[in-house]
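Chain letters run A, B, ... following the sequence lines, proteins first and then strands; every chain starts at 1. Heavy-atom basis, side chains included; hydrogens, waters and symmetry copies ignored.
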2 protein chains.
Amino acid sequence: MKPGSKNGNISDVLIKKNIKPSYQRIKVFEYLLGTDSHPTVEQIYSDLVNEIPTLSKATIYNTLNLFEGAQLARVITIEENETRYDACIEEHGHFKCENCGKIYDFPVNLDNLVSGNGILENFKVNEKNIYFKGICSKCLNNKSNKQEGKNGTGK
Amino acid sequence: MKPGSKNGNISDVLIKKNIKPSYQRIKVFEYLLGTDSHPTVEQIYSDLVNEIPTLSKATIYNTLNLFEGAQLARVITIEENETRYDACIEEHGHFKCENCGKIYDFPVNLDNLVSGNGILENFKVNEKNIYFKGICSKCLNNKSNKQEGKNGTGK
DNA sequence: TATATATTTATAAAGATTATAATTTTGTAA
DNA sequence: TTACAAAATTATAATCTTTATAAATATATA
Ligand SMILES: [Mn+2]
Ligand SMILES: [Mn+2]
Ligand SMILES: [Zn+2]
Ligand SMILES: [Zn+2]
């Protein structure tokens with residue numbers, strides 16, 4: 001790796017997908033890769049605007065749509081009007097805690113569901129999504145104690 | 001059943017959930033029970049407004065939120081900004097065809113996923129959702145023929 | 001019937017995403 | 001380097017979905 005190209009690997013991933021590695025795109029991708037919080041557009045924007053004061057929210061939308069199309073990121077729609085993004089495109093499930101709002105990953109294998117299934121047998125499956133809702137163990141332990149603040153959505 | 005109360009059974013279901021069976025609520029519930037199309041708010045409204053000319057879209061939203069809370073209907077969020085509803089609350093999966101937009105049901109049992117799963121073992125799971133995307137068999141057969149119109153979303 | 005309560009309606013407000021056009025950046029060739 | 005063209009970013013307007021609010025209507029009770 002050449003000196004001064006610390007983001008060489010990230011750039012290369014974008015280039016391989018025919019996406020020009022602009023400063024903003026690298027930063028967004030880097031941000032997604034560095035978190036497991038499944039952030040919303042708002043969260044990505046408000047964090048990155050500190051580093052990039054001229055950043056526009058439209059760029060976040062453009063970039064995420066670009067990544068989605070190139071399958072560099074995955075859209076997570078657990079709640080309506082709260083689109084989240086995940087740079088981990090390996091098959092896995094999501095669990096959203098209805099108390100603290102945190103979204104957890106969990107391992108899952110859905111291949112057997114498709115093969116043994118009557119109707120899906122003749123369908124072409126391009127994308128598989130699974131998510132659960134409930135209360136996470138941390139919140140279960142705090143249940144008799146003080147109420148956790150909010151549910152993470154601000155609603 | 002008393003004569004003139006053709007919707008007695010539907011009313012009773014609502015009453016059992018402590019929901020007063022108003023004319024509008026009965027019509028919305030009846031509509032949901034009578035379709036397997038997983039309709040959007042817009043579709044429910046535009047169909048029912050023919051029967052109920054004074055109907056307001058706010059009533060549809062109010063009613064569906066009420067049904068959701070009472071677990072008489074299930075929210076399906078496959079695409080962002082396209083919330084759909086399903087009166088079938090039995091556990092099942094959904095498949096959305098990316099070509100014709102139709103949403104199919106498919107049987108699925110997710111209990112084994114929870115029990116064998118490390119992280120979920122200590123969580124309280126209240127709701128399970130699974131949906132796939134791809135191309136349905138009907139569209140696969142038409143693929144070399146004329147292109148099917150739209151993807152059903154109007155986008 | 002009179003009155004209180006609940007529901008529906010119409011409309012405004014809020015929030016998220018997309019569309020548009022101007023500005024800025026990047027790449028290329030003279 | 002400079003000039004030009006293409007692409008990306010930005011700011012902002014427009015659109016769309018959902019929620020909030022208050023007035024009007026319907027329902028239940030005394
Ligand atoms: Mn994830
Ligand atoms: Mn269904
Ligand atoms: Zn929690
Ligand atoms: Zn199809």
Side-chain angles (χ1 to χ4, degrees), chain A residues 5 7 11 14-15 17-29 31 38-46 48-70 72-73 75-85 101 150-155, chain B residues 5 7 11 14-15 17-29 31 38-46 48-70 72-73 75-85 151-155:
Chain A
S5 70
N7 293 319
S11 284
L14 297 179
I15 290 168
K17 294 283 189 174
N18 291 313
I19 296 173
K20 288 195 186 176
S22 72
Y23 180 65
Q24 289 87 342
R25 288 168 179 172
I26 289 173
K27 284 297 178 186
V28 171
F29 195 36
Y31 180 91
H38 309 91
T40 61
V41 168
E42 183 59 39
Q43 289 168 331
I44 299 169
Y45 172 76
S46 60
L48 287 182
V49 78
N50 294 320
E51 265 189 282
I52 315 168
T54 61
L55 187 64
S56 166
K57 204 173 283 186
T59 299
I60 305 293
Y61 279 103
N62 291 340
T63 302
L64 291 172
N65 286 337
L66 200 63
F67 288 177
E68 186 194 354
L72 290 173
V75 179
I76 302 175
T77 47
I78 294 183
E79 310 285 352
E80 55 266 57
N81 292 333
E82 190 191 70
T83 310
R84 293 169 174 272
Y85 290 86
K150 319 301 166 285
N151 67 352
T153 66
K155 279 187 187 173
Chain B
S5 70
N7 293 319
S11 283
L14 297 179
I15 290 169
K17 294 282 188 174
N18 291 311
I19 295 173
K20 288 195 185 175
S22 72
Y23 179 66
Q24 288 85 346
R25 287 169 180 172
I26 290 173
K27 284 298 179 186
V28 171
F29 195 36
Y31 180 90
H38 308 92
T40 62
V41 168
E42 183 59 38
Q43 289 167 331
I44 299 169
Y45 172 76
S46 60
L48 287 182
V49 79
N50 295 319
E51 267 190 281
I52 316 169
T54 60
L55 187 63
S56 166
K57 205 175 282 187
T59 298
I60 305 295
Y61 278 103
N62 291 340
T63 301
L64 291 172
N65 286 338
L66 200 63
F67 288 176
E68 185 194 354
L72 289 174
V75 179
I76 302 174
T77 48
I78 294 182
E79 310 284 352
E80 56 266 56
N81 292 334
E82 190 190 70
T83 308
R84 292 168 174 271
Y85 289 87
N151 66 353
T153 67
K155 279 185 185 173

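The S56(A) side chain lies nearest to dA11(D) when the options are dA10(C), dA11(D), dT9(D).
Contact annotation: Q24(A) side-chain N/O to dT10(D) OP1/OP2 distance is under 4.0 Å. Between S22(B) and dT7(C) there is no side-chain N or O to OP1 or OP2 distance below 4.0 Å. At dT17(D), none of the side-chain N or O atoms of T83(B) fall inside 4.0 Å of OP1 or OP2 (strictly under the cut-off). Taking side-chain N and O atoms only, N81(B) has no distance below 4.0 Å to OP1 or OP2 of dT18(D). Phosphate proximity of dT9(C) to T54(B): present, with a side-chain N or O under 4.0 Å from OP1 or OP2. In this structure, Y61(B) does not reach the dT19(D) phosphate: none of its side-chain N or O atoms is under 4.0 Å from OP1 or OP2.
K57(A) comes within 4.0 angstrom of no nucleic acid atom, judged by non-hydrogen atoms across all strands. When heavy atoms are screened at a 4.0 angstrom cut-off, N62(B) is found touching base atoms of the nucleic acid.
A salt bridge links K57(B) and E42(B); the closest N-O separation between the charged side-chain nitrogens and carboxylate oxygens is under 4.0 Å.
Where E42(B) and Y23(B) each meet DNA chain D at their nearest nucleotide, the meeting point lying more 5' is that of E42(B).
Distance, I19(B) CD1 to dT8(C) P: 11 Å, rounded to whole Å. Distance E80(B) CD to dT15(D) C1': 15 Å, rounded to the nearest Å. Rounded to a whole Å, the OH atom of Y45(B) is 10 Å from the C1' atom of dT9(C). Summarising the geometry, the separation between CD1 on I52(B) and P on dA10(C) is reported as 12 Å, rounded to the nearest angstrom.
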